[in-house]
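Everything numeric in this text was worked out from a predicted model, so none of it was measured. Residue numbering restarts at 1 for every chain, and letters A, B, ... go by the order of the sequence lines.
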Number of protein chains: 2
Amino acid sequence: MNFDETDKNLLLFLQEDAKQTTKELSYKLGLSVTAVYERIKKLENSGVISKYVALLDKHKIERNFVVLCHVKLSQHKKEYVLQFEKEIMTLPEVTECFHVSGDYDYILKICLKDIADYRNFMVTKLTTLQHIASTHSSFMISEVKNTTAIVL
Amino acid sequence: MNFDETDKNLLLFLQEDAKQTTKELSYKLGLSVTAVYERIKKLENSGVISKYVALLDKHKIERNFVVLCHVKLSQHKKEYVLQFEKEIMTLPEVTECFHVSGDYDYILKICLKDIADYRNFMVTKLTTLQHIASTHSSFMISEVKNTTAIVL
DNA sequence: GGTGAAAACACTCTCAG
DNA sequence: CTGAGAGTGTTTTCACC
């Protein structure tokens with residue numbers, strides 16, 4: 001798909017605040033309401049905009065103890081990889097899990113209440129998974145930048 | 001703040017799809033439109049719901065080359081830390097940056113088009129920052145799980 | 001806490017140009 | 001792309017359980 005400057009600006013506005021009305025956006029973009037409406041529908045229907053979501057304040061819901069956990073598997077057999085990934089999917093504490101290159105196989109982002117919950121999670125959930133060779137956790141000290149928006 | 005089961009379900013629904021009407025939500029929750037409306041307003045006004053955003057498909061916008069980069073500073077002087085964080089904030093390619101405990105000081109998530117853009121970013125942007133001792137990058141092979149929703 | 005209804009308003013969506 | 005109109009959802013208030 002091809003994006004002109006108006007599309008790029010529109011996508012940035014919607015990534016910052018999805019509850020703006022087409023009227024507000026039409027003013028910011030210098031277009032008519034209908035023109036903006038049709039551009040948004042095109043971006044939605046083509047799948048460029050995948051979904052609209054509410055973001056929560058991690059402090060207010062007591063999930064601001066964030067851990068980035070590196071995981072290494074004992075073997076890279078297809079069966080082991082698939083089983084590990086399947087089990088990770090079911091853990092609500094794990095909000096992100098990326099299969100990566102390098103010393104470790106996976107990097108997980110885990111959102112918890114405090115270090116007691118972290119200990120509980122590691123002992124009763126993560127380390128009970130099969131085929132894990134080792135893990136290495138980094139605790140988040142502060143969130144320097146954390147955006148869902150991608151600038152085009 | 002205190003959340004009952006209805007609030008928890010409501011927050012989950014809104015984290016999955018923020019464009020649902022209060023009518024749809026009232027049906028799913030077994031409440032009246034007014035009751036749902038007032039709960040949502042309360043969650044918005046208290047800051048539990050911090051914002052509503054559009055999420056984009058990284059493949060469709062050609063930013064699906066994701067790198068998780070570990071950065072170590074040469075010294076932890078307050079001045080160096082603040083300068084590094086300030087500069088990171090201005091880089092649009094960096095969508096997330098966490099100050100963490102452990103061997104490295106920061107973990108960054110960087111979204112780019114391809115490995116050529118990665119090379120360019122490292123050479124012309126990241127490694128030109130002051131006070132960086134070392135970096136270690138892991139390329140994302142696959143996204144096992146990537147959600148913005150936190151289950152309460 | 002909750003319901004249901006009514007009214008005013010704003011927005012979405014379609015259509016002719 | 002624009003402007004206008006019809007349809008729909010939002011928002012508020014109210015009496016009441």
Side-chain angles (χ1 to χ4, degrees), chain A residues 1-64 92 113 147-152, chain B residues 1-62 147-152:
Chain A
M1 197 146 158
N2 226 12
F3 305 115
D4 62 12
E5 285 309 307
T6 304
D7 280 330
K8 289 178 186 176
N9 285 327
L10 176 55
L11 286 172
L12 194 56
F13 291 145
L14 290 174
Q15 285 184 100
E16 284 164 351
D17 178 8
K19 281 279 159 95
Q20 292 171 93
T21 62
T22 36
K23 199 174 175 180
E24 289 171 315
L25 291 166
S26 71
Y27 181 73
K28 290 183 186 173
L29 294 168
L31 281 178
S32 69
V33 170
T34 311
V36 174
Y37 175 78
E38 279 167 359
R39 278 173 184 265
I40 294 173
K41 282 300 151 208
K42 194 176 165 192
L43 292 166
E44 287 172 359
N45 294 334
S46 64
V48 172
I49 296 173
S50 59
K51 61 198 308 203
Y52 296 96
V53 301
L55 298 183
L56 308 190
D57 182 320
K58 280 200 275 291
H59 288 84
K60 296 260 165 76
I61 57 171
E62 292 188 309
R63 282 292 189 336
N64 54 318
K113 178 164 170 268
T147 178
T148 53
I150 298 173
V151 182
L152 294 187
Chain B
M1 197 150 158
N2 225 11
F3 306 114
D4 62 12
E5 285 309 308
T6 303
D7 280 331
K8 290 178 186 175
N9 286 327
L10 176 54
L11 286 172
L12 194 56
F13 291 145
L14 290 174
Q15 286 184 99
E16 284 164 350
D17 178 10
K19 282 278 159 94
Q20 293 171 92
T21 62
T22 37
K23 199 175 177 181
E24 289 171 315
L25 291 166
S26 70
Y27 181 74
K28 290 183 186 174
L29 294 167
L31 282 177
S32 69
V33 170
T34 311
V36 174
Y37 176 78
E38 279 167 0
R39 279 172 182 264
I40 293 172
K41 282 298 151 215
K42 194 176 166 192
L43 292 166
E44 287 172 359
N45 294 334
S46 64
V48 173
I49 295 174
S50 59
K51 62 197 309 204
Y52 294 96
V53 302
L55 299 182
L56 308 190
D57 181 321
K58 280 200 273 294
H59 288 83
K60 296 262 164 73
I61 58 171
E62 292 187 310
T147 179
T148 53
I150 298 173
V151 183
L152 294 185

Please lay out, stage by stage, how A:Leu10 and A:Phe3 fare under the test side-chain contact (heavy atoms from CB on, under 4.5 Å). CA-CA 10 Å; A:Leu10 176 55; A:Phe3 305 115; over 6 Å; no

Output the rounded distance in Å from CD (A:Glu44) to C1' (C:dT12). 11 Å

OP1 or OP2 of D:dT10 versus the side-chain N and O atoms of B:Tyr37: is any pair under 4.0 Å? no

Determine, for A:Asp7 against A:Arg39, whether the closest basic-nitrogen to carboxylate-oxygen distance falls under 4.0 angstrom. yes

Point-to-point distance, once rounded to the nearest 0.5 Å, from OG1 of B:Thr6 to CG of B:Leu29: 6.5 Å

Which nucleotide in the list D:dC1, C:dA5, C:dC13 gets nearest to the side chain of A:Lys41? C:dC13

Among D:dC1, D:dT11, C:dG1, the one nearest any side-chain atom of B:Lys42 is C:dG1

Identify, residue by residue, the members of residues 5-25 of chain B with a heavy atom below 4.0 Å from DNA chain C, and return them in order of residue number, or none. none

C:dG1 phosphate, OP1 or OP2, under 4.0 Å from B:Arg39 side-chain N/O: no

Is B:Glu44 paired with B:Lys41 through a side-chain N to carboxylate O contact shorter than 4.0 Å? yes

Atom CG of B:Leu152 and atom CD1 of A:Ile61: how far apart are they, to the nearest 0.5 Å? 5.0 Å

To the nearest angstrom, the CD1-P distance between A:Ile40 and C:dT14 comes to 14 Å

NZ of A:Lys42: more than 12 outside heavy atoms within 6.0 angstrom? no

Send over the distance from B:Leu31 CG to C:dG1 P, rounded to a whole Å. 12 Å

D:dT2 P sits how many Å from A:Tyr27 OH, rounded? 15 Å

